[in-house]
Amino acid sequence: MITMNKINHRARKQRGRTAGFSLVEITLVVFVMSVLAAITVPNVMLTVSNVKLRGTAADLAGLMQQARIMAAKNNPQNPPAYAVRYAVLNGAQSAYVDLNGTGTWNGTAIVNGVSMYEPVITFGGTVKPAPAPPTGSGGQPPPYVLAGDSSTGGPFTNANTLAYSPRGLPCDYSAPPACATPAPSYFVYYLTDTRMGNPGWAAVVVTKGGRTKVVMWNGASWN
């Protein structure tokens with residue numbers, strides 16, 4: 001005769017055999033999680049890189065507009081224009097407005113007898129000024145072309161120094177104190193970064209009238 005104690009003992013043994021996960025189940029879960037991570041992590045990293053690149057380009061565009069406003073307000077004479085320059089400050093890639101024309105970031109500068117802070121931004125992540133415009137080959141996008149512009153000779157790029165005259169108009173300031181306005185062409189300043197796969201690209205476009213916009217390369221076109 002089967003007693004109640006034997007029945008309870010068998011039930012406890014059955015529960016013991018079914019509790020927890022088997023090695024096969026754990027291996028399957030780990031495999032699924034690995035596949036999901038392999039799909040998700042690169043997309044997350046790509047999104048983070050794009051956010052940093054776009055954010056830096058937007059900051060640079062804002063700095064250029066700040067230089068334009070300050071030039072129109074302060075009527076610079078010595079130097080005759082406010083240049084936007086790049087530098088590595090405290091180990092970080094940066095851009096600043098050169099208010100006193102020294103070619104270096106000084107923190108403060110005397111403008112019309114008043115001490116002013118030289119505006120500066122710090123680039124995000126691995127973003128930096130491109131050494132040259134993209135070539136359209138080797139994983140690089142083609143150079144950006146401003147639709148509807150009638151300029152001749154092509155745009156000014158990273159090889160040129162952008163500055164703003166006392167009228168708040170952009171000029172090629174590569175050979176100071178020359179700052180001829182209106183400029184014969186628009187300006188395109190390229191930024192790039194280091195990421196998985198091909199580098200990312202962004203550009204800050206400044207029209208001959210001084211209007212600024214940011215464009216991003218999405219792998220197929222500038223937008």
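Quantities reported herein were computed from a predicted structural model and do not represent experimental measurements.
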If you group Ile, Leu, Val, Met, Phe, Trp and Tyr by side-chain heavy-atom gaps below 4.5 Å, do [X] and [Y] land in one group?
X      : Y      : value
Ile69  : Val97  : no
Met64  : Tyr190 : no
Tyr186 : Trp201 : yes
Trp222 : Val145 : yes
Val111 : Tyr117 : no

[X] side chain near [Y] side chain, heavy-atom distance below 4.5 Å:
X      : Y      : value
Asp59  : Arg54  : no
Val188 : Val204 : no
Pro119 : Leu63  : yes
Arg85  : Tyr173 : yes
Met216 : Asn218 : no
Pro142 : Trp217 : yes
Lys208 : Leu169 : no

Taking atom [atom1] of [X] and atom [atom2] of [Y], what is their separation to the nearest 0.5 Å?
X      : Y      : atom1 : atom2 : answer
Lys128 : Leu53  : NZ    : CG    : 12.5 Å
Leu162 : Cys171 : CG    : SG    : 7.5 Å
Tyr96  : Trp105 : OH    : CH2   : 10.0 Å
Tyr189 : Tyr144 : OH    : OH    : 15.5 Å
Ser94  : Leu60  : OG    : CG    : 11.5 Å
Gln65  : Arg211 : CD    : CZ    : 9.5 Å

If you look at every heavy atom in [X] and [Y], which pair is closest and at what distance?
X      : Y      : value
Ala159 : Ser174 : O-OG, 4.2 Å
Asp98  : Asn100 : OD1-OD1, 3.0 Å
Pro134 : Pro141 : CB-O, 3.0 Å
Pro76  : Pro166 : O-CG, 3.3 Å
Leu99  : Ala109 : CB-CB, 4.0 Å
Ser165 : Cys179 : CB-SG, 4.0 Å

Tell me whether [X] contacts the main-chain N or O of [Y] through its side chain, where contact means a donor paired with an acceptor under 3.5 Å.
X      : Y      : answer
Thr56  : Gly124 : yes
Arg68  : Gly210 : yes
Gln93  : Phe123 : no
Asp193 : Gly200 : yes
Glu118 : Met116 : no
Asn158 : Ala130 : yes
Asn106 : Thr108 : no

With no hydrogens and no angle check, do the side chains of [X] and [Y] hold a donor and an acceptor under 3.5 Å apart?
X      : Y      : answer
Ser221 : Asn223 : no
Asn50  : Arg195 : yes
Asn74  : Asn112 : no

Query raised in the report: Can the ring centroids of Phe187 and Phe156 be said to lie less than 6.0 angstrom from one another?
Result: yes
**Report entry** Of Val206, Thr181, Val84, Thr207, the residue whose pairing with Pro170 passes side-chain contact (heavy atoms from CB on, under 4.5 Å)
**Finding:** Val206
